[in-house]
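As structure tokens, the structure follows; a few thoughts come after it.
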Amino acid sequence: LLEDRPTNPAAGDDNRPIGYGRIQRKEDPRFVRGKGHYVDDIVLPGMLHGAILRAPVAHARLVSIDTSEALAHPGVHAVITGTDLQALGLAWAPTLSMDVQAVLVTDKVRFQGQEVAFVVADDRYAARDALELIRVDYDLLPPVIDARTALDPGAPVIRDDLEGRTDNHIFDWEAGDATETDAVFAAADVVVSQEIIYPRVHPAPMETCGAVADFDPIDGRLTLYETTQAPHAHRTLFAMVAGIPEHKIRVVSPDIGGGFGNKVGIYPGYILAVVGSIVTGKPVKWVEDRSENLMSTSFARDYIMQGSIAATKDGTILGLRTNVLADHGAFNATAQPTKYPAGFFHIFTGSYDLKAAHCTVTGVYTNKAPGGVAYACSFRVTEAVYLVERMVDILAAKLGMDPAELRLKNFIKPEQFPYANKTGWEYDSGNYEPTMRLSMQMAGYDELRQEQKEKRERGELMGIGISFFTETVGAGPRKHMDILGLGMNDGAELRVHPTGKAVVRISVQSQGQGHETTFAQIVAEELGIPPEDIDVVHGDTDQTPFGLGTYGSRSTPVSGGAVALVARKVREKARFIAAAMLETRPEDLEWEKGRWFVKGDPSIGKTVAEIAMGAHGTVALPEGIDGNLDAEVTYDPPNLTFPFGAYICVVDIDPGTGHVKVRRFIAVDDCGTRINPMIIEGQVHGGLTDGVGMALMEIIEFDTEGNCLGGSFMDYLIPTAMEVPDWETGFTVTPSPHHPIGAKGIGESATVGSPPAIVNAVVDALAPFGITHMDMPCTPARVWEAMQGRPRPP
Ligand code: CDP
């Protein structure tokens, strides 16, 4: 295990800045002073404001729409309807899953909260007031709310806009080997099955979505300030959809108040702001409110999973099987690589060495908001980890085995890496047992079990839950993945100015993860110049190289690799320039701590700053070397990275109210080489808090008519500091063998890994009642209800 090392610039630590402790975040001085610059802070001369009229019902034919009164309202400049967009060919837009989504309703409302009309006015108030003056006639249709009924014969067909469509089926997908899995199950001593639901939840970033569109009719240039996690991909899609040439579009994504997957897709509001600007000839701002965000932007999860696990009676896990019904809402707008309609769900084999595995996933339309984004997760890894970690606990209960012991017995062994799992992944590196043992040691696992035993004797409800997860992050290798045909590679450009200060331009966009700090650290590590001498530019397509954006913990695995490689390219170029300056041959030079020196005579050398000045100066340069110290790369990662971790949660349940208190939470993460331990800790703290939310309180539910019951923070509960414990974090380091600096992603590990640990703890606490499973969220009402009618524990 590595210790976090304290930063000591005086001792020259700046020359090895990766992993050196608690380098403060460069972005924090502006954030803590309230000087962040978000989309809603942007004010352009003559700017107008847009507001969206949303459907009050889930399924209805649009009979008529009368905008005359709204248009006459003081301050209103335009009221745009689906018919107007139809005339422009913009009524429908492609989704990230090759489906189409209505920008404004033309024929039929397909979910409550769907966009019906767009008002542009002098200010936000006038725009909102005018919404109430639009008269719409709807002809109500029966909605499909429960995904289980979506494929029933005679179910209302939601997508009758799609030619030839006679049902609500979207796709069937499978991975693994069904026959092999059947054989393994048939020969097993023990098979247990369980329906496991990962409910619909929402990323709920603090900043909602919004845009300021500024179309200049003179030179046909569109500047679009947007809350987006993927500015370059958005620019390309806008060019394709709106027909504006790509070089005439600039997407700027300023500071982002949290994305978590919510800001990956292109929402109708963004397109409407652009149309509003084209129609009025003025900049148009649209920023949604909280309810709009929760009701209409991308949800996450909504998987109904039938799981089965097979084992020998001594606890060797043999196989895993699952059939999933995936609720995709009214439009298939799920964000994931094209080839994988269920994202990376097929990592559901987890951290275990199985003989066989098979999964099938069926996607269906329902009258709910579209999306299916990877909320702090690499494309359905969260659902996969939840399934396997619940199933392992259910098996442990069946076998009467300790869940830690069962996991330790079945881990993939270190010598098996790189490990080819049964559904097509190649895990790059792993050493699971030390991570698991460290978490148990930090938790005092044996003592906790003893305490639980004593408490159970007194009728107290204490639970200990474990989860051991393996993720697959860093999408991804272009031979395997793309989104709408765009390969998932990232670019990086590095310029070292004549005085040795540098700027690195990256294609990913931070939403609070601290990229301005960590990407500078990578350059600093590679070039031996201090991180504070390196500026990181991101979030502006005019200023940064093309790349696919930030989600699925891909920034470090992909852009982090790009930045390390571009710095190495500069370092190599510096060798040639230094050789010219020293009148020697490049091969006679050796690299150390930010300088090239003559082999055998370290006193003769040139620092990066000296070389930068030389490059821009009058030194005669060798052929093929330009007069600068700049470079650019596009990085195509050879594989994804596979971070992992061991989480232990301790809960106490109040038998009178069913209230679950998370008393302790121990998280040991392994993300390979650690760039900034403080930032990693922050990422883990945030993700664990997400986990408490999903496990105990968050759910977007609908009534039978399709009314969204989670449309405000009064109904959609998210955790605060009151509901979370002091997190106890630890780490191990198993570098990725293929990543240039050995780093794996960390951004989403805790969101992925924590819900099963918490639910496993709740179920463990309730084990004396004979309870073996409970679906999230484990609210007091659900927990209390589960205990009723069952014999009280002794
Ligand atoms: O794509 P996203 O930035 O959300 O996720 P990530 O690549 O896992 O990185 C999250 C933050 O943690 C970034 O600031 C990374 O540079 C940092 N990180 C780190 O310091 N060391 C790692 N091994 C992985 C991430």
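Both ligands and their constituent atoms are indexed starting at 1 by order of listing. Just so you know, these numbers use all the heavy atoms, side chains as well, and skip hydrogens, waters and symmetry mates.
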Exercise. On the ring face of Tyr352, is Arg407 found with NZ or CZ under 6.0 Å from the centre and within 45° of the axis?
Worked result: no
Problem set entry | For atom 20 (O) of ligand 1, the protein heavy atom that lies nearest, with its residue and separation | Asn676 N, 2.9 Å
For this session: Indicate, as side chain, backbone, both or neither, the part of Gln511 found under 4.0 angstrom from ligand 1 when only non-hydrogen atoms are considered.
Result: neither
Which donor-acceptor pairs under 3.5 Å do the side chains of residues 683-694 make with protein atoms, sequence neighbours left out?
unit_1 : atom_1 : unit_2 : atom_2 : d
Thr689 : OG1    : His685 : O      : 2.8
Asp690 : OD1    : Tyr375 : OH     : 3.1
Asp690 : OD2    : Thr751 : OG1    : 3.2

Problem set entry | Nearest-contact summary for atom 21 (N) of ligand 1 - protein heavy atom, Å | Ile675 N, 3.1 Å
Exercise. In the protein, which heavy atom is nearest to atom 22 (C) of ligand 1, and how far is it?
Worked result: Lys744 O, 3.6 Å
Seminar exercise, completed: Quick note on ligand 1: atoms under 4.0 Å from a heavy atom of Ser555 include exactly 1 (O), 2 (P), 3 (O), 7 (O)
Exercise. Is Glu516 salt-bridged to Arg30, going by a charged N under 4.0 Å from an acidic O?
Worked result: yes
Seminar exercise, completed: For Gly745, the atoms of ligand 1 under 4.0 Å from one of its heavy atoms are 8 (O)
For this session: Decide yes or no on salt bridge (charged side-chain N to carboxylate O under 4.0 Å, His left out) for Asp670 and Lys744, but give the supporting numbers first.
Result: CA-CA 8 Å; Asp670 193 321; Lys744 303 180 177 185; 5.3 Å; no
Problem set entry | For Ser507, the option from Glu493, His538, His232 that meets side chain to side chain contact (heavy atoms under 4.5 Å, CB included) | His232
Exercise. Should the proximity of Ile679 to ligand 1, defined as any heavy atom under 4.0 Å, be assigned to the side chain, the backbone, both, or neither?
Worked result: side chain
Exercise. Please walk me through it: do Thr228 and Val251 pass side-chain contact (heavy atoms from CB on, under 4.5 Å)?
Worked result: CA-CA 9 Å; Thr228 171; Val251 174; 4.1 Å; yes
Exercise. Taking the minimum heavy-atom distance to atom 8 (O) of ligand 1, which of Thr518, Ile746, Val563 ranks first?
Worked result: Ile746
Seminar exercise, completed: atom 10 (C) of ligand 1 has as its nearest protein heavy atom Gln683 OE1, 3.5 Å
Problem set entry | side-chain contact (heavy atoms from CB on, under 4.5 Å) between Val287 and Thr208, worked out | CA-CA 7 Å; Val287 177; Thr208 59; 3.9 Å; yes
Problem set entry | Atom indices of ligand 1, in the order listed, that fall short of 4.0 Å to a heavy atom of Arg554 | 1 (O)
For this session: Decide yes or no on side-chain contact (heavy atoms from CB on, under 4.5 Å) for Glu383 and Cys377, but give the supporting numbers first.
Result: CA-CA 9 Å; Glu383 291 88 324; Cys377 135; 4.3 Å; yes
Exercise. Taking the side chain from Ser253 and the backbone from Thr227, do they hold a donor-acceptor pair closer than 3.5 Å?
Worked result: no
Problem set entry | Those atoms of ligand 1 less than 4.0 Å from some heavy atom in Ala743 | 23 (N)
For this session: Could you find the nearest protein heavy atom to atom 9 (O) of ligand 1 and give me its residue, atom name and distance?
Result: Thr556 OG1, 3.3 Å
Problem set entry | Part of Ile680 with heavy atoms under 4.0 Å of ligand 1, whether side chain, backbone, both or neither | side chain
Problem set entry | Polar contact flag for Cys671 and ligand 1 (N/O pairs, less than 3.5 Å) | yes
Exercise. Any N or O of Gly747 that comes nearer than 3.5 Å to an N or O of ligand 1?
Worked result: yes
For this session: Provide, to 0.1 Å, the distance between atom 5 (O) of ligand 1 and the closest protein heavy atom, together with that atom's residue and name.
Result: Ser553 CA, 3.5 Å
Problem set entry | Heavy atoms from other residues, nucleotides or ligands near NZ of Lys35 exceed 12 (cutoff 6.0 Å) | no
For this session: Using a 4.0 Å heavy-atom threshold (strictly under), name the region of Thr673 that reaches ligand 1: side chain, backbone, both or neither.
Result: backbone
Problem set entry | Result of checking Ile675, Val504, Thr556 against Ile522 for side chain to side chain contact (heavy atoms under 4.5 Å, CB included) | Ile675
Exercise. Does Lys263 pair with Glu207 as a salt bridge, N-O distance under 4.0 Å?
Worked result: yes
For this session: Quick one: look up the protein heavy atom nearest atom 11 (C) of ligand 1 and list residue, atom name and how far away it is.
Result: Gln513 O, 3.7 Å
For this session: List the closest protein heavy-atom neighbour of atom 3 (O) of ligand 1: residue, atom name, distance to the nearest 0.1 Å.
Result: His515 NE2, 2.7 Å
Problem set entry | Under-4.0 Å heavy-atom contact with ligand 1, by part of Thr550 that carries it | side chain
